[in-house]
Participant: 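Sharing a structure here in structure tokens format.
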Amino acid sequence: MKKEEQMREVLATPGATRYILEKYGIRARKKYGQNFLIDANVIRGIIDAAQITQDDCVLEIGPGIGSMTQLLSGAAGKVICVEIDESLRPVLSETLEDCDNVKILWQDILKTDLRAICDAYNGGKPLKVVANLPYYVTTPILMQLLEQKNVFRSITVMVQKEVADRIRSGPGSKEYGALSLAVQYYAEPEAVMTVSPSCFIPRPGVDSSVLCLRAYGEPPVECNEKVMFGLIRAAFNQRRKTLANAISHGYCAGGKQYTREEVTEALEEMGLPATVRGEALSLEQFAQLSLILGPEQKGPEQSIGF
Ligand code: SAM
């Protein structure tokens, strides 16, 4: 089989990836977090975990040279890719030339209106998001997906293992934080597999994990959302402080400032000591605290912004 044919068959091999990078004189760009997948089994594992069918419209963030896109194109009804690096244009024209159901938007995902993508390509319905994420912007990308309401059904992504552990952690562990709570409020996280650095070119310096987040139809807790995320932000911005101190010094959701006494009283009502730290509270407890301390005051809209 000629090299070109081999490359079309499966791009996610070390040989085909090196060949295509050399052919187009491309070097993986660190500033865009480029680590290309060279293991087709890992890609199939991601697609299986995302349960992609012909009825699905998939959003792929960062197609790179198209290794995962090729397989997504076969599995899904439609694939919308958002790629920031325009130097990959000639590569994708070749590697995706037979993939009629793929549309590439050359832009920054962080500046992309995801609701507009749902409307334009999926009849307004939420998308299945799949990606080998650029690690330098993992948290902002996840927060953007979570904050824009009803834009995803599931998010199946390769992330640094450390980030996957953080997202799935609970109260009391040192990884637990604002990101864990935000993700767990919007979706159920599941770790699908651990992936070694040898599955990428170039090799990242860390282990990776595939994480699948399935959106909840309804939030798992009743809360005052704006107040709750303000409390979470304040609690973890100063995580060594007691919650009462962190909130009374740092919290200002919608213009409201709580006193130490107000917070202590609310904690007492919940049966928690005045000295408790935010890292000891579960999502349910932050939700309860938000209902006791709310209602929110009028003020500028704030993003969750972790
Ligand atoms: N999907 C390919 C693969 O698995 O081989 C490439 C994955 S690579 C880890 C991350 C990809 O995201 C790169 O193609 C990179 O150019 C792209 N990227 C980085 N920052 C981006 C951004 N802000 N918006 C859209 N794409 C971005």
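We count ligands from 1, going down the list as the structure has it; atoms in each ligand are counted the same way.
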Participant: Going by distance only, is there an N or O of Leu37 that falls short of 3.5 Å from an N or O of ligand 1?
Facilitator: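 Indeed, backbone or side chain, Leu37 has an N or O that close.
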
Participant: What residue and heavy atom of the protein are closest to atom 19 (C) of ligand 1, and at what distance?
Facilitator: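 Looking only at protein heavy atoms, the one closest to atom 19 (C) of ligand 1 is Tyr32 O, 3.1 Å.
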
Participant: Decide whether the shortest distance between a heavy atom of Tyr136 and an atom of ligand 1 is less than 4.0 Å.
Facilitator: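 Tyr136: in contact with ligand 1 (<4.0 Å).
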
Participant: What are the atoms of ligand 1, with element, lying closer than 4.0 Å to any heavy atom of Pro63?
Facilitator: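 Those of ligand 1 that fall under 4.0 Å from Pro63 are 1 (N), 2 (C).
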
Participant: Between Arg166 and Glu162, is there a salt bridge with N-O shorter than 4.0 Å?
Facilitator: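 Looking at Arg166 together with Glu162, the answer is yes, because their closest N to O distance falls below 4.0 Å.
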
Participant: Could you give the distance from OG1 (Thr17) to CD1 (Ile26), rounded to the nearest 0.5 Å?
Facilitator: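 Output value for this atom pair is 11.5 Å.
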
Participant: Distance-only, no hydrogens or angles: does the Thr264 side chain make a donor-acceptor pair with backbone N or O of Arg260 under 3.5 Å?
Facilitator: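 Pair found, side chain donor or acceptor close to backbone of Arg260.
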
Participant: Kindly compute the distance separating CG (Leu267) from CD (Glu269), expressed to the nearest 0.5 Å.
Facilitator: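 Between atom CG of Leu267 and atom CD of Glu269 there are 10.0 Å.
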
Participant: Below the 3.5 angstrom mark, is there an N/O of Asn35, backbone or side chain, next to an N/O of ligand 1?
Facilitator: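 No, no N or O pair falls under 3.5 Å.
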
Participant: Should one rank Leu88, Ile84, Thr69 by closest heavy-atom distance to atom 27 (C) of ligand 1, which comes out on top?
Facilitator: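 Answer by nearest heavy atom: Ile84.
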
Participant: Kindly indicate whether the side chain of Ile43, heavy atoms from C-beta on, has any atom under 4.5 Å from the side chain of Ser67.
Facilitator: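 Yes. Closest side-chain heavy atoms under 4.5 Å.
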
Participant: When you measure from atom 1 (N) of ligand 1 to every protein heavy atom, which one gives the shortest distance, and what is it?
Facilitator: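 Result for atom 1 (N) of ligand 1: Gly62 O, 2.8 Å.
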
Participant: Among all protein heavy atoms, pick out the one at the shortest distance from atom 24 (N) of ligand 1; state its residue, atom name and that distance to 0.1 Å.
Facilitator: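 Answer for atom 24 (N) of ligand 1: Ile109 N, 2.9 Å.
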
Participant: Please report the interatomic distance NZ(Lys103) to CD(Glu60), rounded to the nearest 0.5 Å.
Facilitator: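 It comes to 15.5 Å.
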
Participant: Assess the side chains of Tyr186 and Glu147: does a donor N or O sit below 3.5 Å from an acceptor N or O?
Facilitator: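 The criterion, which ignores hydrogens and geometry beyond distance, is not satisfied for Glu147 and Tyr186.
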
Participant: Is there a polar contact between ligand 1 and Gly64, counting only N or O atoms under 3.5 Å apart?
Facilitator: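 Checking ligand 1 against Gly64, an N or O pair does fall under 3.5 Å apart.
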
Participant: Students should be able to answer this: which protein heavy-atom is nearest to atom 23 (N) of ligand 1, and at what distance?
Facilitator: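 The closest one turns out to be Asp108 OD1, 2.8 Å.
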
Participant: Tell me whether Glu60 reaches ligand 1 (any heavy atom closer than 4.0 angstrom to a ligand atom).
Facilitator: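 Judged by the 4.0 Å heavy-atom criterion, Glu60 does count as contacting ligand 1.
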
Participant: Hey, could you give me the CD/CG distance between Gln238 and Leu243, rounded to the nearest 0.5 Å?
Facilitator: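 Interatomic distance, Gln238 CD to Leu243 CG, rounded to 0.5 Å: 11.0 Å.
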
Participant: Any atom of ligand 1 sitting under 4.0 Å from a heavy atom of Met158?
Facilitator: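 Outside the 4.0 Å threshold, so no.
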
Participant: If you count heavy atoms of other groups shown closer than 6.0 angstrom to CD of Gln107, is the number above 12?
Facilitator: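 More than 12 heavy atoms, drawn from other residues, nucleotides or ligands, come within 6.0 Å of this atom.
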
Participant: Number the atoms of ligand 1 from 1 as they appear, then name those within less than 4.0 Å of a heavy atom of Gln107, with their elements.
Facilitator: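 Going through ligand 1 atom by atom, the ones under 4.0 Å from Gln107 are 24 (N), 25 (C).
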
Participant: Suppose I only count heavy atoms of Asp85 and a 4.0 Å limit; which atoms of ligand 1 are within that range?
Facilitator: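 Per the distance check, 16 (O).
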
Participant: Heavy-atom distances under 4.0 Å decide this one: backbone, side chain, both or neither, for Leu133 against ligand 1?
Facilitator: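 Only the backbone of Leu133 comes within reach of ligand 1.
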
Participant: Assess whether side-chain hydrogen bond (donor to acceptor under 3.5 Å, both in side chains) is satisfied between Tyr24 and Ser87, documenting all intermediate values.
Facilitator: CA-CA 9 Å; Tyr24 288 93; Ser87 72; over 6 Å; no

Participant: Identify, by atom number and element, the atoms of ligand 1 in contact range of Phe36, meaning under 4.0 Å from any of its heavy atoms.
Facilitator: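 With Phe36 as reference, the close atoms of ligand 1 come out as 5 (O), 6 (C).
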
Participant: Examine ligand 1 and decide if any of its atoms is less than 4.0 Å from a heavy atom belonging to Ile38.
Facilitator: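 Distance cut 4.0 Å: Ile38 fails for ligand 1.
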
Participant: To check you understand the geometry: which heavy-atom pair defines the closest contact between Glu175 and Asp165, and what is its length?
Facilitator: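 Here Glu175 and Asp165 meet closest at CB-O, 4.5 Å.
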
Participant: Which of the atoms in ligand 1, numbered in the order shown and given with their element, are less than 4.0 Å from a heavy-atom of Gly33?
Facilitator: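 Ligand 1 atoms under the 4.0 Å threshold to Gly33: 8 (S), 9 (C), 10 (C).
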
Participant: Any heavy atom of Val82 sitting closer than 4.0 Å to ligand 1?
Facilitator: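 Right, Val82 reaches ligand 1.
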
Participant: May I ask which of Glu83, Met68, Glu86 has a heavy atom nearer to atom 14 (O) of ligand 1 than the others do?
Facilitator: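 Comparing heavy atoms across Glu83, Met68, Glu86, the nearest one to atom 14 (O) of ligand 1 lies in Glu83.
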
Participant: Checking a contact table here: which protein heavy atom is nearest atom 4 (O) of ligand 1, and how many Å away?
Facilitator: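 For this ligand atom, the closest protein heavy atom is Asn132 ND2, 2.9 Å.
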
